[in-house]
There are 2 protein chains.
Amino acid sequence: MTETARISRIPKARRQQIRQANETAILQAAEKVFAEAGYGGATMQLIADMAGLPKANLHYYFPTKEALYRRVVQNIFEIWLRAADSFDQAPGPVEGIGAYIDAKMEISRRHPDGSKVWASEVMHGAPVIQDYLETTLRDWTEGRTAHIRRWIDEGRMAPVDPQHLLYMLWATTQHYADFGHQIETLNGGRPLSDRDWQKAKDTVKAIILRGIGATGSDT
Amino acid sequence: MTETARISRIPKARRQQIRQANETAILQAAEKVFAEAGYGGATMQLIADMAGLPKANLHYYFPTKEALYRRVVQNIFEIWLRAADSFDQAPGPVEGIGAYIDAKMEISRRHPDGSKVWASEVMHGAPVIQDYLETTLRDWTEGRTAHIRRWIDEGRMAPVDPQHLLYMLWATTQHYADFGHQIETLNGGRPLSDRDWQKAKDTVKAIILRGIGATGSDT
DNA sequence: ACACAACCTGACCAAGCGGTCAATAAAATT
DNA sequence: AATTTTATTGACCGCTTGGTCAGGTTGTGT
């Protein structure tokens, strides 16, 4: 480990360091504001205040409101794609779908704002990420439905329509983020506890895995 | 049937007639615009254009943007509550929950804009219908969970957590409205056909009813 | 026919918006 | 130390927004 690396790039890359710090601060603030107010309701001023920067500085890092918004949406999309890994390297539907549910529920818990921004974007007709839907998401979906079809052919689960099964998984898991406020209200105004989240996961997995007649890897 | 009633109140209630026509035109346009652009992104001008009225006329019927929005949200809420009737007068979970899924899927198909407005409202923290969540919706939910618990006690379905089951029903059915654009994109850019909708309903019902181990009314 | 109330609307306004820019400060390079 | 590059910011601008209002029009009761 060289000295410059150990002291974390004092002279040269301090610029980059500051730049990245400001960018992430802005992105975090933006995610929250976009989630709470929607794209139209969000203001650059509010994002700037929340990030602790003057408004003009935002436009130095992100030229327009739309550019900033686009980055926020892309970040979320990548997090979601990463959750798909659980799906792939699984011997059977119980492990694969079970792990996928766990992963997506965890995302709903840790990144509720991101989920809301995504939902809002799609609800409004996906004005900025339509191409993602048509390319990356479509490819991803086709791969997964093929996977599910294989499980069905192997008799490891009931012959349910893979597409609608995927929709169900998305809907159910993301609901805990997008409608978190409603759930919290019905929970007596208190956020879900660790135990509540565990119960949510267990219930969702139980119903869906039994619903598709899934069997474990042991044949 | 009197003459005045037959000719549908020509002299007296023509005012009311016009009033109601304009109000519903405004409300329909507002629902669409709020759904497509969100509360912050929607403009009174656009709503007025879509309703075929000058903007100032909107403010004659609805004093403020928020008042108009509130009415839109309330209308949707009432439609949803009415879908609950299917739940009540049912002998067992297969009929009750099955009919409820059918009803909510039909709402997602017929009133996608309303569903989106509701989703948006809740996602943004329910700023205008928080009281509804705390009163009407909470009462409704408690009644339904009690119903489900009874079914469980009677051995008509597996002992799943009723609250999370309800969330699953809401999430899955509303997903077809709120994320309709995404579904349409993954469907090759075409809206779901009659057969697609039927398949969606059947798949959702099959997975959930099997998932909760529901049995029909015949014991 | 008259008077009164309800309805309609073009023109207007203050406020807030996204975005710009010139001037300044800080850091890196020479 | 000088100079160039990068980062920062208060002040500002054109434009759109929700909302107002005076004056005109239409419908209703007498």
Side-chain angles (χ1 to χ4, degrees), chain A residues 3-5 7-27 29-31 33-34 36-73 124 127-128, chain B residues 3-5 7-27 29-31 33-34 36-73 124 127-128:
Chain A
E3 193 188 9
T4 58
I7 318 183
S8 181
R9 315 172 191 90
I10 285 182
K12 198 173 183 179
R14 177 156 176 199
R15 280 260 163 82
Q16 274 194 15
Q17 188 179 337
I18 292 176
R19 184 168 198 101
Q20 194 171 353
N22 280 342
E23 271 191 8
T24 60
I26 293 171
L27 284 170
E31 180 176 292
V33 173
F34 281 133
E36 287 176 357
Y39 179 81
T43 69
M44 296 297 270
Q45 186 64 64
L46 190 57
I47 296 172
D49 291 348
M50 196 160 291
L53 294 165
K55 195 188 72 169
N57 210 352
L58 254 67
H59 285 96
Y60 176 74
Y61 285 101
F62 300 92
T64 66
K65 186 184 180 183
E66 192 187 310
L68 174 55
Y69 174 73
R70 189 184 292 267
R71 275 284 301 273
V72 170
V73 173
H124 297 10
V128 318
Chain B
E3 192 188 6
T4 57
I7 319 181
S8 182
R9 314 173 193 89
I10 285 182
K12 198 173 181 181
R14 178 155 178 202
R15 280 260 163 82
Q16 274 193 17
Q17 189 179 336
I18 292 175
R19 184 170 198 99
Q20 194 172 352
N22 281 340
E23 270 191 7
T24 60
I26 293 171
L27 285 170
E31 180 175 291
V33 173
F34 281 134
E36 288 176 356
Y39 179 81
T43 69
M44 296 297 271
Q45 186 63 64
L46 189 58
I47 295 172
D49 292 347
M50 196 160 291
L53 293 166
K55 196 188 72 169
N57 211 351
L58 254 67
H59 285 96
Y60 176 74
Y61 286 101
F62 301 92
T64 65
K65 184 183 181 184
E66 191 186 312
L68 174 55
Y69 174 74
R70 189 183 293 264
R71 275 284 301 273
V72 171
V73 173
H124 297 6
V128 318

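Order of the sequence lines sets the chain letters (A, B, ...), proteins ahead of strands, with each chain counted from 1. The structure displayed is predicted, hence computed values, not measured ones.
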Seminar exercise, completed: Those residues at least two apart in sequence (or on a different chain) that pass ring pair (Phe, Tyr, Trp, His ring centres under 6.0 Å) with B:Tyr69 are B:Phe34, B:Tyr39

For [X] and [N], give me the distance from atom [atom1] to atom [atom2], rounded to whole Å.
{"X": "B:Phe62", "N": "D:dT20", "atom1": "CZ", "atom2": "P", "answer": "16 Å"}
{"X": "B:Asp49", "N": "C:dT9", "atom1": "CG", "atom2": "P", "answer": "13 Å"}
{"X": "A:His59", "N": "C:dG18", "atom1": "NE2", "atom2": "P", "answer": "7 Å"}
{"X": "A:Lys55", "N": "C:dC17", "atom1": "NZ", "atom2": "P", "answer": "8 Å"}

Seminar exercise, completed: So, with a heavy-atom separation below 4.0 Å from DNA chain D, the residues of residues 38-47 of chain B are B:Ala42, B:Thr43, B:Met44

Exercise. Rounded to the nearest 0.5 Å, how far does CD1 of A:Ile26 lie from CE of A:Met50?
Worked result: 13.5 Å

Problem set entry | Exercise: identify the closest heavy-atom pair between B:Ala51 and B:Ala25 | CB-O, 3.8 Å

Problem set entry | B:Glu23, CD: over 12 other non-hydrogen atoms inside 6.0 angstrom | yes

Problem set entry | Quiz item: B:Lys65 side-chain donor-acceptor pair to D:dG19 base, under 3.5 Å | no

For this session: Please identify each residue that fulfils side-chain contact (heavy atoms from CB on, under 4.5 Å) with A:Leu46, with sequence neighbours left out.
Result: A:Val33, A:Thr43

Problem set entry | Any pair counted as side-chain hydrogen bond (donor to acceptor under 3.5 Å, both in side chains), so long as it reaches residues 50-64 of chain B, sequence neighbours left out | B:Asn22-B:Tyr61

For this session: With the side chain counted from C-beta on, respond yes when B:Leu68 and B:Leu27 share a heavy-atom pair under 4.5 Å apart, and no when they do not.
Result: yes

Seminar exercise, completed: In short, salt bridge (Lys or Arg N to Asp or Glu O under 4.0 Å) pairs touching residues 57-68 of chain B with sequence neighbours left out are B:Glu66-B:Arg70

Seminar exercise, completed: Counting primed atoms, P, OP1 and OP2 as sugar-phosphate and everything else as base, the B/S/- map of nucleotides 3-9 of chain D against protein heavy atoms under 4.0 Å is --BBBBB

